[in-house]
2 protein chains.
Amino acid sequence: MITETKISLSEQTRERLLAAARVVFSESGFQNATVREICRRAEVNIAAVNYYFNSKEALFAATLNFEPLLTLCKQINQGSTCAQERLLNFIHDFLMQLLDEKEFSVQCQFMARELAEPTPVLGKIVQEAIAPIHQFVANLVREIVGKKISEAELRRCVFSIFGQCMYYRHGQPVIQRLHPKLRYDHREIEAIAKHIGDFSLAGLKQIAQNQCP
Amino acid sequence: MITETKISLSEQTRERLLAAARVVFSESGFQNATVREICRRAEVNIAAVNYYFNSKEALFAATLNFEPLLTLCKQINQGSTCAQERLLNFIHDFLMQLLDEKEFSVQCQFMARELAEPTPVLGKIVQEAIAPIHQFVANLVREIVGKKISEAELRRCVFSIFGQCMYYRHGQPVIQRLHPKLRYDHREIEAIAKHIGDFSLAGLKQIAQNQCP
DNA sequence: TTTACTTTAAAACAAACGTTTGATACACTT
DNA sequence: AAGTGTATCAAACGTTTGTTTTAAAGTAAA
């Protein structure tokens with residue numbers, strides 16, 4: 001049992017490091033985040049990063065866990081509603097994970113940040129998270145607009161939906177200056193989700209009409 | 001006249017510095033761009049940056065010139081077509097400036113980059129460029145959907161339009177991995193502009209219906 | 001207690017950054 | 001011809017970064 005205590009102590013610092021890393025990385029991004037700041041918040045020595053993980057980059061990779069994002073897609077797929085309804089649900093849940101600061105879902109923010117400033121682990125993130133949920137939305141869109149849509153146009157529809165969602169996160173520094181009073185509270189996120197949902201469904205319907213006139 | 005020669009030589013290095021800075025800043029962003037790289041490309045000494053400008057930041061501020069972006073808005077306003085048509089024109093021209101690598105319009109890319117990684121001159125950029133063109137699009141949207149729309153909903157419409165456009169630039173590293181063959185040539189940009197235009201006009205019509213049922 | 005191993009700690013390392021220095025070359029004025 | 005101010009240059013400065021080192025402390029087994 002003493003062994004367990006020792007391991008658990010060691011695991012404690014490892015976990016503290018991971019927790020602090022998640023926070024700092026999501027706040028400052030991979031590049032701006034410093035190992036010193038992470039260790040300071042975790043209250044561990046600077047050398048701990050290279051002791052438990054081998055590098056800052058490996059620590060960053062270790063903080064990645066996109067399961068909640070992917071289970072979101074699965075759960076929505078299991079719901080037996082129509083494609084339109086599922087798309088609305090996805091937009092809502094995705095925005096919640098993306099914008100709600102209270103909810104613990106830093107993974108989504110990593111994904112968002114990676115779009116703008118790619119890090120060495122971008123490949124992993126694209127493969128494990130971004131590609132699957134893009135595919136998920138692409139499937140929904142194809143169901144909605146019909147199978148006659150071309151690959152290129154389908155891709156643009158997916159980009160239109162993600163672009164609208166991501167702008168609220170990417171543009172946050174700018175949006176904050178344009179509209180200082182705007183806060184992403186629960187009510188605002190609901191309103192944004194409804195807007196993007198309505199806007200996109202109407203857009204998709206138009207694209208569908210363009211395809212088979 | 002000898003004085004003129006001397007001054008013009010001096011101006012030459014100053015201009016070479018500015019030109020190189022525009023390129024490097026737009027390629028790598030403010031933070032990632034190094035003074036050494038800028039000077040290397042301009043073929044001037046490192047000290048030139050702090051000699052002609054006082055700092056890297058002031059050099060960056062000196063590269064900013066949003067006139068072409070604002071004249072774009074004015075030109076579109078002078079056209080006497082309907083609001084829908086003017087919005088389509090704006091989306092097209094904006095995307096051209098944003099995505100076309102051949103056309104020399106780094107300013108738009110600065111604006112885009114600033115969204116994701118704000119620099120100390122973000123305030124200036126928001127004030128001089130982003131706020132005006134957001135206002136420009138907001139006016140167009142209000143013309144299209146009618147005056148009953150709330151400020152909040154109007155804001156979301158503008159974000160939807162810019163979000164769609166910006167995603168192609170912000171998401172470029174990711175998009176490149178998702179669709180390696182995709183290139184932003186002239187034809188592709190035209191297709192993107194048409195897609196976002198159709199998608200958005202349909203979205204706006206839907207929002208208008210929501211407002212006055 | 002002694003031994004072997006793991007974990008922590010402070011300090012130093014090497015590299016990269018923006019910036020500054022001090023010397024040098026040049027053009028122009030007096 | 002001497003003096004003045006400007007432009008350029010190589011070199012170094014002071015920080016900050018991720019990483020490594022080296023030794024001490026702690027822990028479990030012999």
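The sequence lines fix the lettering, A, B, ..., with proteins before strands; numbering per chain opens at 1. Hydrogens, waters and symmetry mates play no part in the numbers below; they use all other heavy atoms, side chains included.
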Against the side chain of A:N45, the closest entry in C:dT7, C:dA10, D:dC9 is C:dA10
Spacing of A:E37 atom CD relative to D:dT19 atom P, expressed in whole Å | 17 Å
Provide, to the nearest angstrom, the distance between the CG atom belonging to B:L17 and the P atom belonging to C:dG18.
-> 13 Å
All N/O donor-acceptor pairs, side-chain side in residues 36-44 of chain B, below 3.5 Å, sequence neighbours left out:
from: B:E37; atom 1: OE1; to: B:R40; atom 2: NE; distance (Å): 3.2
from: B:E37; atom 1: OE2; to: B:R40; atom 2: NH2; distance (Å): 3.2
from: B:E37; atom 1: OE2; to: B:R41; atom 2: NE; distance (Å): 2.7
from: B:E37; atom 1: OE2; to: B:R41; atom 2: NH2; distance (Å): 3.3
from: B:R41; atom 1: NH1; to: B:E27; atom 2: OE2; distance (Å): 3.4
from: B:R41; atom 1: NH2; to: B:E27; atom 2: OE1; distance (Å): 2.8

With a cut-off of under 6.0 Å to the ring centre and 45° to the axis, is A:K56 in cation-pi contact with A:F30?
-> yes
Whole-Å distance separating the OH atom of B:Y51 from the P atom of C:dT21 = 15 Å
Looking for any heavy atom pair under 4.0 Å, which part of the strands does B:A48 touch: base, sugar-phosphate only, or nothing?
-> nothing
Under-4.0 Å salt bridge between B:R156 and B:E153 | yes
To the nearest Å, how far apart are B:R16 CZ and D:dT8 P?
-> 8 Å
Just how far, in rounded Å, is P of D:dG18 from CG of A:N50?
-> 10 Å
How long is the span from the CD atom in B:E85 to the CD1 atom in B:I144, to the nearest 0.5 Å?
-> 10.0 Å
Starting at atom CZ of B:F53, determine the distance to atom P of D:dA7, rounded to an integer number of angstrom.
-> 12 Å
Assign the ring pair A:Y167 / B:F162 to parallel, tilted or perpendicular, where the plane angle (0 to 90°) is split at 30° and 60°.
-> parallel
A:S200 side-chain N/O to A:G197 backbone N/O, donor-acceptor pair under 3.5 Å = no
Could you state the atom-to-atom distance from CG of A:L59 to P of D:dT17 in whole Å?
-> 16 Å
Give the nucleotide from the list D:dA7, C:dT7, C:dT19 with an atom nearest to the side chain of A:Y52.
-> C:dT7
Restricting to nitrogen or oxygen on both sides, can you table the protein-nucleotides 12-17 of chain C pairs closer than 3.5 Å?
none

Send over the distance from A:N54 CG to D:dT21 P, rounded to a whole Å.
-> 13 Å
For A:F53, enumerate each residue passing the ring-ring contact (aromatic ring centres under 6.0 Å, His included) test, keeping only those at least two apart in sequence or located in another chain.
-> none
C:dT20, C:dT7, D:dT8: which one has an atom nearest the side-chain heavy atoms of B:T13?
-> D:dT8
